[in-house]
Amino acid sequence: MKVAIFSTCVVDLLFPNVGQAMVEVLERFGCETALPTDQICCGQPTYNSGYRKESNKVFYNEIDALLSANADYIVGPAGSCVAMLREYPHILKDDPEYSQKAQELADKSYEFSQFLYNVLGVIDAGAQLDATATYHRSCHMTRLLGEKTAPFKLLEQVKDLKMVPLPHLENCCGFGGTFSVKEPEISKQMVDEKVDSVISTGAKILISADASCLMNIGGRFSRRNESIKIMHIAEVLNHNVDTSRIRYKDQPTTV
Amino acid sequence: MTNQNKETFLDRIATKSGRARHQLSKHPFIPVNDLPETTLSGKSQDELFEIAKKNSEAVHVTFERTDTTSLASLLNSFLSKKDIQNLILPTTDKWSTYGLSEWEKERSDSAEFWLPESSRKENLEKANSADGAIGFADYLLAESGTITVATTPGQGRGFHFLPTHYLSIIPKSCILSRSRQAMHKYEDAISSGKLVTSNINFITGPSNSGDIEMVLVVGVHGPLDMTYVVVEDL
Amino acid sequence: MTISTSDKPFLTRVKESENDHFMQQSVAKAQDAQWDKRTAAREELGNWEQWRDLGEQIRQHVIKYLPDYLEQFSDNVTKKGGHVFFAQTDEEAANYIKEIAKKKNAHKIVKSKSMVTTEIDLDKVLLSLPDTSLMETDLAEFILQEDDWDEPTHIVFPTLHKNRNQIQKVFKKLGYSGTNDPEEMAKFARKYLREYFMQADLGITGCNFAIADSGLINLVTNEGNADLTMAIPETQIVVMGMERIVPSLKEAEVLDNMLCRSAVGQKLTSYCSFSGKQVVGESDGPSDFYVVILDNGRSNALGTDFEPVLQCIRCGACLNVCPIYRHIGGHGYGSIYPGPIGAVLSPVLDGYEKFGDLPFASSLCAACTETCPVKIPLHNLLIKHREVMMDKLKMDHSFNNVLMKGAGVATSSPILFKMALEGDHLGSAPLSKSKKTTVDNLFNYGHIEKAPSLGAGWTNVRDLARPPKHSENFRSWYKKHKKEQQEGVSHD
Ligand code: SF4
């Protein structure tokens, strides 16, 4: 099965470790990967700022780039960015040239953990991580992409990993793309509450499926001189993997 | 002039919306689903009674069951328990149906009645100085613990809101599952001319407020407490 | 008068809210409590998503045929001897009501909670009449009135920002000598207001839903003040936004169920009433019945992308889930309609000049869209507002005081790429800090504490990860990785 990597601008620019972990996990599960080099960004920052027409260029580019790989699936390490790809058919529904391509793209695009759990049917990725951690649920992954279970199910199975529920799981971390830059006064109060919630769990690691939220929450931890380790879910699922532990949904547990 | 005012207004908003007026007869409202009808449907009267009891108690209602033979004594114990001095009662021909003709007659000296022939002021003053009201409800909604009453000349609007303690009598056969079923009944009664009213109240427990620090306070403008009495043999 | 509650700039209001710790705490507490209650009430009903479909359908349908339903409603009110006045502006509405008050020689006016009358500033207008007093009878509105007409901070819980001691102080001015116990204070208000009620000659109410096929109005409350307002005075004036209409009692009943669950987590509130002009034989209830149907900017939404905002049933659920509202509270928005619905509605009613900041004050987390019982795509409408403003900005360069700030990110190339170009690994060297960070595995290539231009908004609050060297970025790694794979294959 061929998978095009939708790397996302944040990972491209800042977090090679996230992209790397995702590719290694996907390949471990038999995916043949490709990284379309013309991709830049899903266009969310400009689109959400109100630059509707200008964003078209970005959308077109992203659609052409990601479809050019001719892959069966397109997988990205960020629920929010994937949700944006899924929005394309709505935004471009009247676009004579791109409406269909947008649909094609949306139909085969998945967020990483969602792809692993729902498409590949993985339950246990074989990873091990001896730590106490908590998980931040991104708003767009949960509400726009509608993915509420996959990351939790996959993390549950990581050997030696103790997951502590995060209070106020439902609240936004205050990232919101350009919101964090344009409304720092409000964003700060939101991310502070999120940092406090994470601290209250006593977790040593904060995990999420959205690198942008992690960048925001982690950035505030650092500014407040509070300790935490940040891990993208791909890094967790790629940690200390013992392939003999890998389990799929339709596979009974071996005792 | 008012007509002109209406026409101008409606024409203007129609133009703004880009849609012509007078399209409704061709496009009546047809609901996408029948959840209002099917939710909590198919329950027996006994089941509805249990559901109504649970949900009424959940909204701080004292829920009693009785039959026509014991209703009078239940009312008396309500009056003494709440220490009611100034009782108000409705003018209605329902008393005999409930086996309360005697009981009502006994009260005719001590209690006040909401009288069709009295003025607004007289009836409202009576209700305002009453520390207790005993009235009849049309229906009890099981899902929400709600009694419903249509205003009548003998049981006006203020009757339900001004007195301090309130007791409502409902026949068991008049427990309905939800508000939808009550609406059907009212719509039928109104369109057949059986019911002429200006007002239908759905009352769910005593008056309350969370306006001060979200602390629930029971009894703000309306009655401080509510008692529902379901009469099992009616 | 407008829906505006403050002349202060948005940022000032945000700052003030940030310093109001009591307000922030009570909003957070209220949000958390309502979250549980609302969720439980909806779950108990079952099939919530399908109920939302139905709620949305009812509201979309009436908005689509709004002139027809308003006509039907108006004709039915008139048939029963009531009067209907259609007001295009707040001023028309307020003047009409003032004239009735004069004509009826009203001295004591009782009002039950109504956002629309706040919108048209009715209280002030009526109080300008000689020999006229007026009483807000909803407990919260009463407190606001007696506190020198303080502004509401929530559409369902107007006094969320006030604590019991503040309320006790307000009541002391009225002769209250009790403790700060909410129950005791409520009893005092009951007695105080009851006396006034019994003398009232004019009642003014809002309207949750007007019932087109019967000419009745539906009001939903917990306290019972609306019902007293509709029972005692001889004259009643109903003021309603023109969109608050339903075909029949059946749809009113559906929406009441959804409204109560969404607003306060109750199956039904204590009082849901369906009420009109007194009929022959009845002794209380209004013998004179007026309905004022108000546009006041609502029609700006008709036929545009913003039409769904008229679906709103004012349940306040979107406020109760909003992380922005959680922190800046109602006063932060500067509109009597705060929260997500306020951020969408206020610019529709009163323009971008005054409320252009609000659509940007959102992280687009979509919690509002997810909770809205009538499925208004609130976060999408916020994006739409941004779009409209950006277009306008381009058309009119003088319109820039508020908006140019928003346009700081005006660019057709993605912002993060731009940030990166300004601060790639080499370029960011002078910015980066050697100070050890407390955060592990986020700043593997260093971090930046003070970024220039676009990045400043970010680094004012949090550290920014420094980009890796080109040779160490993801794409370079991937190229190497692929090459190794291929070599691995060819060596076999
Ligand atoms: S927009 Fe939706 S959630 Fe918000 S107040 Fe209106 S109906 Fe309620």
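Note that the structure is a prediction, hence the values are computed from the model and not measured. Throughout, protein chains are lettered first and strands after them, A, B, ... in sequence-line order, and every chain is numbered starting at 1.
At least one side-chain heavy atom of C/K187 sits less than 4.5 Å from a side-chain heavy atom of B/L224. The side-chain heavy atoms of C/V280 and B/V196, taken from C-beta on, include no pair separated by under 4.5 Å. Using a 4.5 Å heavy-atom threshold, the side chains of C/F197 and B/F161 count as separate. Residues C/N257 and B/S179 form a side-chain contact, since some pair of their non-hydrogen atoms from C-beta on lies under 4.5 Å apart. Counting heavy atoms from C-beta on, the side chains of B/N123 and C/E282 never come closer than 4.5 Å. Contact of the B/T204 side chain with the C/Q266 side chain is not registered, since no non-hydrogen atoms from C-beta on lie closer than 4.5 Å. The closest side-chain heavy-atom distance from B/E213 to C/S26 is not below 4.5 Å. Using a 4.5 Å heavy-atom threshold, the side chains of C/N225 and B/V220 count as separate.
Proximity to chain C is limited to the side chain of B/T146, based on heavy atoms less than 4.5 angstrom apart. Of the atoms belonging to C/D75, it is side-chain heavy atoms, and not backbone ones, that fall under 4.5 Å from chain B. Contact annotation for C/A252: neither backbone nor side-chain heavy atoms come within less than 4.5 Å of a heavy atom of chain B. For C/K64, the parts sitting under 4.5 Å from any heavy atom of chain B are the backbone and the side chain alike. Contact of B/V32 with chain C is made through backbone and side chain together, with heavy-atom distances under 4.5 Å. Heavy-atom distances place both the backbone and the side chain of C/L268 under 4.5 Å from chain B. The parts of C/E234 that come within reach of chain B are both its backbone and its side chain, each placing non-hydrogen atoms under 4.5 angstrom from that chain. Residue C/T304 does not touch chain B at all, counting heavy-atom pairs closer than 4.5 Å. Residue B/R19 touches chain C through its side chain alone, counting heavy-atom pairs closer than 4.5 Å. Of the two parts of B/P28, only the backbone, made up of N, CA, C and O, holds a non-hydrogen atom closer than 4.5 Å to a non-hydrogen atom of chain C. The part of B/S118 that comes within reach of chain C is its backbone (N, CA, C, O), which places non-hydrogen atoms under 4.5 angstrom from that chain. Contacts of B/I147 with chain C are absent, with no heavy-atom separation under 4.5 Å from either backbone or side chain. Proximity to chain B is limited to the side chain of C/Q34, based on heavy atoms less than 4.5 angstrom apart. Proximity to chain C is limited to the side chain of B/T39, based on heavy atoms less than 4.5 angstrom apart. Contact annotation for C/R164: both backbone and side-chain heavy atoms come within less than 4.5 Å of a heavy atom of chain B. Neither the backbone nor the side chain of C/F289 comes within contact range of chain B, judged by heavy atoms closer than 4.5 Å. With a threshold of 4.5 angstrom between heavy atoms, C/N218 does not approach chain B through any atom at all. Both the backbone and the side chain of C/A30 come within less than 4.5 Å of a heavy atom of chain B. Proximity to chain C (any heavy atom under 4.5 Å) is shown, for B/L162, by both the backbone and the side chain. With a threshold of 4.5 angstrom between heavy atoms, C/M242 approaches chain B through side-chain atoms but not through N, CA, C or O. The part of C/S74 that comes within reach of chain B is its side chain, from C-beta onward, which places non-hydrogen atoms under 4.5 angstrom from that chain. Proximity to chain B involves both the backbone and the side chain of C/I58, based on heavy atoms less than 4.5 angstrom apart.
Two rings, from C/Y271 and B/H160, have their centers 6.0 Å or more apart. For B/Y186 and C/F274, the distance between ring centers is not under 6.0 angstrom.
Between C/A231 and B/G158, the closest heavy-atom pair is CB-N, 4.1 Å. The two residues B/N208 and C/E223 make their nearest non-hydrogen contact at O-CG, 3.4 Å. Of all heavy-atom pairs between B/L10 and C/P67, the closest is CD1-O, 3.7 Å. The two atoms that bring B/S209 and C/L139 nearest to each other are OG-CD2, 3.7 Å, heavy atoms only. Among all heavy-atom pairs drawn from B/I13 and C/L70, the shortest one is CD1-CD1, 3.9 Å. Residues B/K16 and C/S299 share a closest heavy-atom pair of NZ-OG, 3.2 Å.
Comparing B/E117, B/R120, B/M183 by how many heavy-atom pairs each has under 4.5 Å with chain C, the most go to B/R120. Heavy-atom pairs under 4.5 Å with chain B were tallied for C/R298, C/E56, C/M185, C/E307; the largest tally goes to C/E307. When each of C/P182, C/S214, C/S248 is checked for heavy-atom pairs under 4.5 Å with chain B, C/P182 comes out on top. Of the listed residues B/M226, B/Q155, B/K121, B/R178, the one with more heavy-atom pairs under 4.5 angstrom with chain C than any other is B/R178. By number of non-hydrogen pairs under 4.5 angstrom with chain B, the leading residue of C/D295, C/L193, C/T159 is C/D295. Annotation: maximal heavy-atom pairing with chain B below 4.5 Å, among C/E71, C/Q278, C/Q50, occurs at C/E71.
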Is there a side chain to side chain contact (heavy atoms under 4.5 Å, CB included) between C/K29 and B/M214 once you walk through the steps?
CA-CA 9 Å; C/K29 205 171 94 190; B/M214 305 277 292; 5.8 Å; no

Quick one, B/W114 with C/S283, criterion side chain to side chain contact (heavy atoms under 4.5 Å, CB included). Give me CA distance, side-chain angles, the key distance, then yes/no.
CA-CA 9 Å; B/W114 185 283; C/S283 49; 3.5 Å; yes

Applying side chain to side chain contact (heavy atoms under 4.5 Å, CB included) to B/R180 and C/V254, what does each step give before you reach the verdict?
CA-CA 8 Å; B/R180 171 51 61 98; C/V254 169; 3.3 Å; yes

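Between C/D227 and B/N201, the side chains place a donor N or O and an acceptor N or O closer than 3.5 Å (distance only, hydrogens not considered). There is no side-chain donor-acceptor pair under 3.5 Å between B/R157 and C/S273.
Screening residues 3-22 of chain B for ring pair (Phe, Tyr, Trp, His ring centres under 6.0 Å), with sequence neighbours left out, gives B/F9-C/F86. Within the structure, salt bridge (Lys or Arg N to Asp or Glu O under 4.0 Å) pairs that include any residue of residues 181-207 of chain B comprise B/E187-C/K250 (at least two apart or interchain).
If you take NZ on C/K267 and OG on B/S144, they are separated by 7.5 Å, rounding to the nearest 0.5 Å. Atoms NZ and OG, from C/K80 and B/S198 in turn, are 9.0 Å apart once rounded to the nearest 0.5 Å. Taking CD of C/E44 as the reference point, atom CD of B/E143 lies at 8.0 Å (rounded to 0.5 Å). With rounding to the nearest 0.5 Å, the separation of NE2 in B/H221 from CG in C/N222 is 11.5 Å. Atom-to-atom distance recorded for B/K26:NZ and C/D68:CG is 10.0 Å, nearest 0.5 angstrom. Rounded to the nearest 0.5 Å, atoms OG1 (B/T151) and CG (C/D284) are 7.0 Å apart.
A distance-only check finds a donor-acceptor pair linking the side chain of C/Q57 to the backbone of B/I30 [under 3.5 Å].
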